[in-house]
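Order of appearance sets the numbers: ligands from 1, and atoms from 1 within every ligand. Reckoned from all heavy atoms, side chains included, excluding hydrogens, waters and symmetry mates. It should be emphasised that the depicted structure is a prediction, and the values quoted were computed from it without experimental measurement.
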Amino acid sequence: MEQPRVTANGNIGPIDSSRIPRYAGAATFARLPRLDEVDRADIAVVGVPFDSGVSYRPGARFGSNHVRESSRLLRPYNPALDISPFERVQVADAGDMAVNPFNINEAIETIQQNALDLTADGTKLVTLGGDHTIALPLLRAASERAGAPVAMLHFDAHLDTWDTYFGAEYTHGTPFRRAVEEGILDTEAISHVGTRGPLYGVKDLEDDRRFGFGIVTSSDVFRQGVDEVIAKLRDRIGNRPLYISIDIDVLDPAHAPGTGTPEAGGITSRELLEILRGMRGMNLIGADVVEVAPAYDHAEITGVAASHVAYDLVSLMADQATTNTTAEER
Ligand code: MN
Ligand code: MN
């Protein structure tokens, strides 16, 4: 097995797919080196195979590895952002967090602690879920590292600000209500994007507004277009430390069938990628892509979409590292 290749500025890049077939060997994200193969990483892609918080179809515990498998075709240059992210900064695959599937409270503690450990040296995380429960401990860690409540863009068909299910406080439908209650979100700068579908009642929206969330619905994206949406979101977030949480069910089921709680009328993968690229230059400190459930996927549609979304998140972070930090400082 050939070693991962060294890029022009000394970072270890992905395996060269012009020499080693893409489909050969164990999968890491984008064929990047494992974290234990590099000194340190500026950006780490880490899996959290946990889905004990779901309310409908289970299976997102298999999402992390599915996205890795579907990421074999990613190439090292991102023309949409004119950046070679793996050359600009060191990116590595940190493997999976070992999370207890039988105890949600313990799982949340484990994820929070692992995220803090992984980011101790300034590494930024792009996390592959897993169900949306994992966003809460990831946000706790991000907020602790930022030393302040963080801004958030939440891409999802759903609000995920419900209170409880069957009396349970920690589920994939409740992480952002908990996060607001815990004071780890900057409620001046939080917004859902892509929401749609039936709710339990109008109170869901009233509660959500009271917590401070703005909403850009799936219809808004269609009717206003991505440029206007991007302008609104940038205006709302400013230069605050920003966490981006992406539930893959924000995409229409045509673009992401492999997920646990699908809703008709979603945005396209093109729209999602365009909106993300519109966040260029913002102060992105962490991100996740969650709710990929491969048992309901077909032809890797969802896995490919999620892997491209993760790739653009990595690209945004790498781009920002170069605009905020001189080579000497690095
Ligand atoms: Mn959702
Ligand atoms: Mn969600």
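By the 6.0 Å contact criterion, CZ on Arg40 is enclosed, its count of non-hydrogen atoms from other residues, nucleotides or ligands being greater than 12. In Asp39, the CG atom is not crowded: 12 or fewer heavy atoms of neighbouring residues, nucleotides or ligands sit closer than 6.0 Å.
Residues in residues 230-239 take part in these side-chain hydrogen bond (donor to acceptor under 3.5 Å, both in side chains) pairs, two or more places apart or across chains: Gln224-Lys232.
Phe102 shares a hydrophobic cluster with no other residue; no ILVMFWY side chain has heavy atoms under 4.5 Å from its own.
Counting only protein N, O or S atoms, 4 lie closer than 2.8 Å to the Mn ion (ligand 2).
With sequence neighbours excluded, the residues forming a side chain to side chain donor-acceptor pair (under 3.5 Å) with Asp204 are Trp162, listed by chain and number.
Classification of the His192-His154 ring pair by plane angle, with boundaries at 30° and 60°, yields perpendicular.
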